[in-house]
2 protein chains.
Amino acid sequence: MDMNERKRKILHSIIDEYIKSAEPIGSRHIAKNLDFGLSSATIRNEMADLEEMGYLEQPHTSAGRIPSDKGYRLYVDSLMNDYELTVSDLSDFGGVLEWKMGQIDKIIKRASVLLSELTHYTAVLTTPEMRRGAIKTVELVPVDSASALIILVTNEGVMKHKRVLLPAGVDGEFVHSFSNLLREKLSGSTLEEISAAKISEIRRAMQAHFELLFPVLDFIAEIIDDVRAETEIFTSGATNILNYPEFNDVHRAKEFLEFLDNKEAVAEILQPATGQEAGFSDGGITVRIGKENKQDIMQKSSVITANYYVGDQVMGRLGIIGPTRMDYPKTIAKIKQISAMLNRLLYDLYIEEE
Amino acid sequence: MDMNERKRKILHSIIDEYIKSAEPIGSRHIAKNLDFGLSSATIRNEMADLEEMGYLEQPHTSAGRIPSDKGYRLYVDSLMNDYELTVSDLSDFGGVLEWKMGQIDKIIKRASVLLSELTHYTAVLTTPEMRRGAIKTVELVPVDSASALIILVTNEGVMKHKRVLLPAGVDGEFVHSFSNLLREKLSGSTLEEISAAKISEIRRAMQAHFELLFPVLDFIAEIIDDVRAETEIFTSGATNILNYPEFNDVHRAKEFLEFLDNKEAVAEILQPATGQEAGFSDGGITVRIGKENKQDIMQKSSVITANYYVGDQVMGRLGIIGPTRMDYPKTIAKIKQISAMLNRLLYDLYIEEE
DNA sequence: ATTAGCACTCAAAGAGATAGAGTGCTAACA
DNA sequence: TGTTAGCACTCTATCTCTTTGAGTGCTAAT
């Protein structure tokens, strides 16, 4: 059995129609509504072939056909037309302009809301990975006689802070000079570079004056570890998915929503595809269709993910989750758009102003 | 028709049973399983009376009875027995001990997760209101040549920070002395007190040296406004609710989940009851049953809320949302417990150490 | 190669029929 | 006078049976 142009066109139409209706597509429907100039019987024969080749499936004998995962895969890889965002689509992105001077978390959050509202699927984003961030400054700010704030600023603009108790007998001036020592030792290092050795070095440098603050140093080591490990995940539009008939039973809906609460699992689906994988795409866009996903719950869903960058360094990923019957061209176009906007925004925020 | 002790006991039993089973309760069930020493016929008569009095309802003629909102109200106000937390219940609270040195948001978040896990309903908490917080310190920390961080610390330990661009020609020393001016002027004031007048005063004091930093001052005014307005809301265990047959259709589930996304609406249900209201209770615990709730979507749900304090000042509220058929005694006991734990924790964090 | 025609299949929707849980009422009882 | 046994009645949930209609696969004619 070989794949000719007519078969491709018919498959394309079937998938387009099924994406719209979520109902199995029959030969008569195709023959009538699309003008192939062929009778339903001919279409029927072609459909039987396509099924044999694995691109279509039949829920039961007397139903129409629905695309298989393999069908969707072919569709995504070589059938579908790129979707051009319309003026009206683009105007929906308007809100982005207001983001300008915010913090990075806010931007990411806003982007996830926008993405879910634009696509009507569920959006998932990671906050930037900070392993490779460089420390811009470390500050120890006295709050009152007994406590101070440790503040950590990286070049990615993300800040971490923590309140610590100070040992008795430590005054503001003392804290201030320790703060200077810290800044001097740590500024410019990336988080990856700050090893136990480096901390020990600071400890030695402290020997002379700052024995009292040893506990504070431990705290600092701790929050650096925290930041290093931390990648937050935002999801948005979880309830969107409940609009699709695919999720029209409470059990399935519940499983899905609980899955979204499981940050590790969500982080996993955001992983980019490797070269081995079917979903691999060098544009940074990964599409995983149905059973191409590892997770049980995702077997009937598709996930489209993309990178976002600052300059040429990958900072994090964003994506959407929807039923396998997903409007791939449109969704991919929108993800690309959001990703591009994020790139530009973050670039302005962290590179240009340096 | 008057309410005698026997009627009260029967009503009590019916509600207890209905809370367990979610199935209408028939006279035979009560006569058989609870030992009133009465026949089903007698129970039947009493039930007819209770229905006439408005405490029970019948879904249809040949079904058993279910409690009405009025029935639940009587139950909560004067029928139900206080639930004593068991040792095993209490051991579930164990995780709290780990909270000790965290930030306030973390604590609140943790508390909401714990509350939802313990009750199996949906938990809702507000972060502390900061209107009345006093500013402990304001700091302007230079990050690089072009930008600085504004950091605001209140006595409630909550910190707000924002990165601002600095005008050209401003050096670290300059920023530092401005920072000192700010601290001097603002420390000790509560957020409520910081009016436009106060800001103008600072502006005047700046006249001499700091014209360059006027834009930064505006930013500071802005973030103070932000903090003043800001009460965040955490929800947790939203999917718990899907386990209850009351929410066993996708449409209803969806409405509920969307409701939870609407922060203003959720803030509203957390409002304490006024003296006028049925749900009023001076212990700080408010119970709103079914139609006692203003919100459409809550007409078939109950909400139990409580205050949490630091010292004797109300800081925020916590609560749970569940079906009207809710295990009131147990849930109330658990909310009280969590609230007490929060109080203690926050007290340790903000009062003792001062 | 395409198509008209027809027999066949199967899920979904509708129509009874049945079972069972529960009620209300009446009459008998202590 | 309060309680109970008994019975007719009601109503839902469930099961089975039938009907409907969409869609297929195959065959024979074009």
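A note on names: the letters A, B, ... follow the listed sequences, proteins ahead of strands, and every chain is numbered from 1. Only a predicted model underlies this, so the values are computations on that prediction, with no experimental measurement involved.
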Novice: According to the interplanar angle, ranging from 0 to 90°, do the rings of B:Tyr121 and B:Tyr244 count as parallel (below 30°), tilted (30 to 60°) or perpendicular (above 60°)?
Specialist: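 B:Tyr121 vs B:Tyr244 ring planes: parallel.
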Novice: Using the salt bridge (charged side-chain N to carboxylate O under 4.0 Å, His left out) definition, which of the options A:Arg252, A:Arg325, A:Lys300 pairs with A:Glu246?
Specialist: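 Among A:Arg252, A:Arg325, A:Lys300, the one that satisfies the salt bridge (charged side-chain N to carboxylate O under 4.0 Å, His left out) with A:Glu246 is A:Arg325.
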Novice: Please confirm whether any donor atom in the side chain of A:Arg44 sits under 3.5 Å from an acceptor in the base of C:dG5, or the reverse.
Specialist: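 Check passes, donor-acceptor contact within cut-off.
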Novice: Roughly, in whole Å, what's the span from CZ in A:Phe36 to C1' in C:dT3?
Specialist: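 Going from CZ in A:Phe36 over to C1' in C:dT3 covers 17 Å.
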Novice: Using whole Å, report how far CG of B:Leu56 lies from P of C:dG22.
Specialist: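 Checked: the CG to P distance equals 14 Å.
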Novice: From the set D:dT3, C:dT23, D:dT24, return the single nucleotide nearest to any side-chain atom of A:Ser27.
Specialist: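 Selected nucleotide (nearest to the side chain): D:dT24.
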Novice: Classify the angle between the aromatic ring planes of A:Tyr75 and A:His12 as parallel (below 30°), tilted (30 to 60°) or perpendicular (above 60°).
Specialist: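 Ring orientation, 0 to 90° scale: perpendicular.
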Novice: Atom CZ of A:Arg28 to atom P of C:dC6: distance rounded to whole Å?
Specialist: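 Taking CZ of A:Arg28 and P of C:dC6, I get 16 Å after rounding.
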Novice: Within this structure, what is the CG-to-P distance between B:Leu50 and C:dT23, rounded to whole angstrom?
Specialist: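 It works out to 12 Å between those atoms.
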Novice: Considering only side-chain heavy atoms of A:Arg65, which listed nucleotide, D:dG21, D:dG25, D:dC11, is closest?
Specialist: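 Taking heavy atoms from C-beta onward, the closest nucleotide is D:dG25.
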Novice: Is it the case that B:Asp89 and B:Thr86 place a side-chain donor and acceptor less than 3.5 Å from each other?
Specialist: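 Per modelled atom types, B:Asp89 and B:Thr86 side chains form a pair under 3.5 Å.
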Novice: Among C:dA4, C:dT23, D:dC11, which nucleotide has an atom closest to any side-chain atom of A:Ala41?
Specialist: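 It is C:dA4.
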Novice: Closest nucleotide of DNA chain D for B:Gly37 versus for B:His60: which of these residues is on the 5' side?
Specialist: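 Mapping each residue to its closest nucleotide by heavy atoms, the 5'-most match is B:Gly37.
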Novice: Report the distance from atom NZ of A:Lys7 to atom P of C:dA1, rounded to the nearest whole Å.
Specialist: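 Value for this atom pair: 11 Å.
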Novice: Of all the choices, C:dT2, D:dT4, D:dC11, which nucleotide is nearest to the side chain of B:Leu38 once you look at every atom?
Specialist: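 Looking only at heavy atoms from C-beta outward on B:Leu38, the closest nucleotide is D:dT4.
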Novice: Looking at the side chain of A:Glu51, which of D:dA5, D:dG25, C:dG24 is the nearest nucleotide?
Specialist: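 Side chain of A:Glu51 sits closest to D:dG25.
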Novice: Of the options C:dC10, D:dT24, C:dT3, whose atoms approach the side-chain atoms of A:Asn45 most closely?
Specialist: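 Nucleotide nearest to A:Asn45's side chain: C:dT3.
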Novice: With heavy atoms under 4.0 Å as the rule, sort B:Thr61 into base, sugar-phosphate or nothing.
Specialist: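 Answer is sugar-phosphate: B:Thr61 comes under 4.0 Å of backbone atoms only.
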Novice: Please report, rounded to the nearest Å, how far the P atom of C:dG22 is from the CD atom of B:Glu23.
Specialist: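 From B:Glu23 CD to C:dG22 P: 9 Å.
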Novice: Closest approach to the side chain of B:Ser39, judged atom by atom: which nucleotide of D:dT24, D:dA5, C:dG24 is it?
Specialist: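 Nearest to the side chain of B:Ser39 among the choices is D:dA5.
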Novice: A:Ile10 CD1 to C:dA1 P: how many Å, rounded?
Specialist: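 After rounding, the reported distance stands at 15 Å.
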Novice: If the cut-off is 4.0 Å, is B:Thr42 near the phosphate of D:dT4, judged by side-chain N/O to OP1 or OP2?
Specialist: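 Answer yes for this pair, as a side-chain N or O of B:Thr42 is under 4.0 Å from OP1 or OP2.
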Novice: To the nearest Å, give me how far apart CD (A:Gln58) and P (C:dC10) are.
Specialist: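 Whole-Å distance recorded here is 10 Å.
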Novice: Tell me yes or no: between the side chains of A:Thr42 and A:Ser39, is some donor less than 3.5 Å from an acceptor?
Specialist: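 There is such a pair between these side chains.
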